[in-house]
Amino acid sequence: MSSTGKGTAVIETEGLSKSFGGLRAVDDLCLDVPAGVVFGFLGPNGAGKTTTIRMLLGLMEPTSGEARVLGFDVRTQAARVRERVGVLLDNDGLYERLTAYDNLDYYGEIYRLSRTERQSRIRRLLEHMGLWDRRNERVRTYSRGMRQKLGLARAILHGPLLVFLDEPTSGLDAVSAVSLREGLRNLALREGVTVFLTTHNLAEAEKVCDRVAVIHRGRLIAEGLPSEIGTGIRRPRLEIAGYGFTPGMVAALESRPEVERVALGEDGLTIDLNEGASAAPLVRLLVDMGAGIEEVRKQAAGLEEAFIALLKEQQA
């Protein structure tokens, strides 16, 4: 196993596999997660993400292969792993009848933090999450977004070097999701915490993750910077803002050999191009057909498109 990236690897796996009867849920997984990054672990439902996390936490015995978390072997030192990491999975672990402050104070005692440490850490985390003024309210009165923030504070209360988060923004409104994403970035940047994040939201992963890995049917199919994923299969994209776009224009564009796909939205057109295609003839076509063009932007397709293309490539 080797270390890569910004610093010493906090998660290292080599040939990590898990079978359930004839099903290979995780198949020969090799990962190196460097310290101090937000690492996105991406894949469709049933890809093996949850099984991988359970093995990394020592909650499930691998069928074969090796894994070390913070330098500890997950087979023989699982308890030491769980003592040193933070976890926020499908259950936030909060007690609804207790206040936010009392929840964190209770967990602080479990983590054997001194009273002074608890008070200082709880205040700092609640202020950072924007919850300090609501600290004396019972958790059952909290919105979903507030609970997620409090759950994250609970997961990092004891100052872990590594935090596992499973779909942390699922079900949140846009404002709460943005706020939580900013909290994750600050964790990595200000406190040096490594965040291991699973999410179905590819746009979110592109914004918040330093590195990502894509798993499909238990196998790792891509790993690297978000901008590197799918290099070679990402199609260039044309964003055209304006007015007067019609279904006839869409049909005319779709008939062009350099065009892969056209989507008509409220503010304009999104055109996925084949590699090497020029934007100028397409813009001229639209103008000749009567469209009002206000802005044209050509860029590479995002992580979501690359992710879909990768999965299609695997299924081909």
Side-chain angles (χ1 to χ4, degrees), residues 10-11 36 38 50 53-60 69-72 74 77-173 175-199:
V10 296
I11 297 175
V38 179
T50 299
I53 288 179
R54 291 181 65 82
M55 287 193 289
L56 294 177
L57 291 172
L59 300 174
M60 183 179 289
V69 175
L70 298 175
F72 298 107
V74 299
Q77 299 171 298
R80 301 187 72 178
V81 170
R82 291 193 292 271
E83 287 173 359
R84 289 164 173 79
V85 303
V87 180
L88 179 58
L89 302 181
D90 54 349
N91 187 330
D92 57 28
L94 300 172
Y95 294 92
E96 293 193 340
R97 294 185 179 182
L98 297 180
T99 66
Y101 190 98
D102 287 344
N103 262 279
L104 296 187
D105 193 53
Y106 170 74
Y107 277 104
E109 287 194 67
I110 291 177
Y111 293 133
R112 300 179 182 176
L113 301 180
S114 69
R115 182 179 180 82
T116 301
E117 284 180 302
R118 294 200 307 273
Q119 290 175 340
S120 173
R121 185 99 175 134
I122 290 171
R123 175 157 193 157
R124 185 160 70 88
L125 287 172
L126 289 181
E127 286 179 342
H128 180 68
M129 298 291 177
L131 297 175
W132 178 249
D133 291 341
R134 309 286 295 271
R135 64 190 181 278
N136 292 322
E137 296 179 23
R138 295 188 179 186
V139 169
R140 68 184 178 195
T141 68
Y142 270 26
S143 68
R144 181 174 175 83
M146 292 168 65
R147 285 190 66 129
Q148 284 291 83
K149 291 179 184 179
L150 184 60
L152 181 57
R154 191 267 307 159
I156 63 176
L157 179 63
H158 56 307
L161 295 176
L162 171 64
V163 181
F164 290 93
L165 303 177
D166 187 18
E167 300 286 349
T169 61
S170 177
L172 299 188
D173 60 73
V175 174
S176 296
V178 169
S179 178
L180 192 61
R181 282 201 301 267
E182 290 173 352
L184 296 182
R185 294 298 308 146
N186 287 334
L187 270 179
L189 294 173
R190 295 182 183 179
E191 301 196 25
V193 175
T194 304
V195 179
F196 190 92
L197 168 72
T198 71
T199 180

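Counting only distance, with no hydrogens or angles, the side chain of Thr194 and the backbone of Gly36 share a donor-acceptor pair below 3.5 Å.
To the nearest 0.5 Å, atoms CE (Met55) and OG1 (Thr50) are separated by 11.0 Å. One distance of note links CE of Met129 with CE of Met146; it measures 13.0 Å at 0.5 Å rounding. Between the CG atom of Leu152 and the CG atom of Asp92 there is a distance of 11.0 Å, given to the nearest 0.5 Å.
The ring pair (Phe, Tyr, Trp, His ring centres under 6.0 Å) search around His128 returns none, not counting sequence neighbours. Judged as a side chain to side chain donor-acceptor pair (under 3.5 Å), and not counting sequence neighbours, the contacts of Glu96 are Arg147. For Arg123, the salt bridge (charged side-chain N to carboxylate O under 4.0 Å, His left out) criterion is met by Glu127, not counting sequence neighbours. Residues passing the salt bridge (charged side-chain N to carboxylate O under 4.0 Å, His left out) test with Glu137 are Arg134, sequence neighbours excluded. Not counting sequence neighbours, the partners of Phe164 by the ring pair (Phe, Tyr, Trp, His ring centres under 6.0 Å) test are Phe196. For Arg118, the side chain to side chain donor-acceptor pair (under 3.5 Å) partners two or more places apart in sequence, or in a different chain, are Asp105. Scored by the salt bridge (charged side-chain N to carboxylate O under 4.0 Å, His left out) test, Asp166 finds no partners at all (sequence neighbours excluded). In this structure, the salt bridge (charged side-chain N to carboxylate O under 4.0 Å, His left out) partners of Arg124, at least two apart in sequence or on a different chain, are Glu191. Qualifying side chain to side chain donor-acceptor pair (under 3.5 Å) partners for Glu117, counting only residues two or more places apart in sequence or in other chains: Ser114. Qualifying side chain to side chain contact (heavy atoms under 4.5 Å, CB included) partners for Leu98, counting only residues two or more places apart in sequence or in other chains: Tyr95, Asp102, Asn103.
Contact detail for Gly58 and Ala78: the closest heavy-atom pair is CA-CB, 3.7 Å. Shortest non-hydrogen contact noted between Gly151 and Leu88 is C-CD2, 3.9 Å. Residues Leu125 and Ala153 share a closest heavy-atom pair of CD1-O, 3.6 Å. Taking all atoms of both residues into account, the shortest heavy-atom contact from Thr99 to Asn136 is CG2-O, 3.3 Å. Residues Gly86 and Pro160 come closest through the heavy atom pair N-CB, 3.5 Å.
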- Stepwise, does the side-chain contact (heavy atoms from CB on, under 4.5 Å) test hold for Leu59 with Arg82? CA-CA 9 Å; Leu59 300 174; Arg82 291 193 292 271; 3.8 Å; yes
- Task: Begin from the C-alpha positions of Leu104 and Leu150 and carry the test side-chain contact (heavy atoms from CB on, under 4.5 Å) through to its verdict.
- Result: CA-CA 8 Å; Leu104 296 187; Leu150 184 60; 4.0 Å; yes
- Query: Please walk me through it: do Leu162 and Leu70 pass side-chain contact (heavy atoms from CB on, under 4.5 Å)?
  - Reply: CA-CA 8 Å; Leu162 171 64; Leu70 298 175; 4.3 Å; yes
- Begin with the C-alpha distance, continue with both residues' side-chain angles, and end with the deciding distance and a verdict on side-chain contact (heavy atoms from CB on, under 4.5 Å) for Ile122 and Leu157. CA-CA 7 Å; Ile122 290 171; Leu157 179 63; 4.0 Å; yes
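For the pair Arg154 and Tyr107, the distance from NZ or CZ to the six-membered ring centre is under 6.0 Å and the angle to the ring normal is within 45 degrees.
Counting only heavy atoms from C-beta outward, the side chains of Ile11 and Leu56 approach each other to under 4.5 Å.
Pairs of residues two or more places apart, or lying in two chains, that qualify as ring pair (Phe, Tyr, Trp, His ring centres under 6.0 Å) and include a residue from residues 108-127 are Tyr111-His158.
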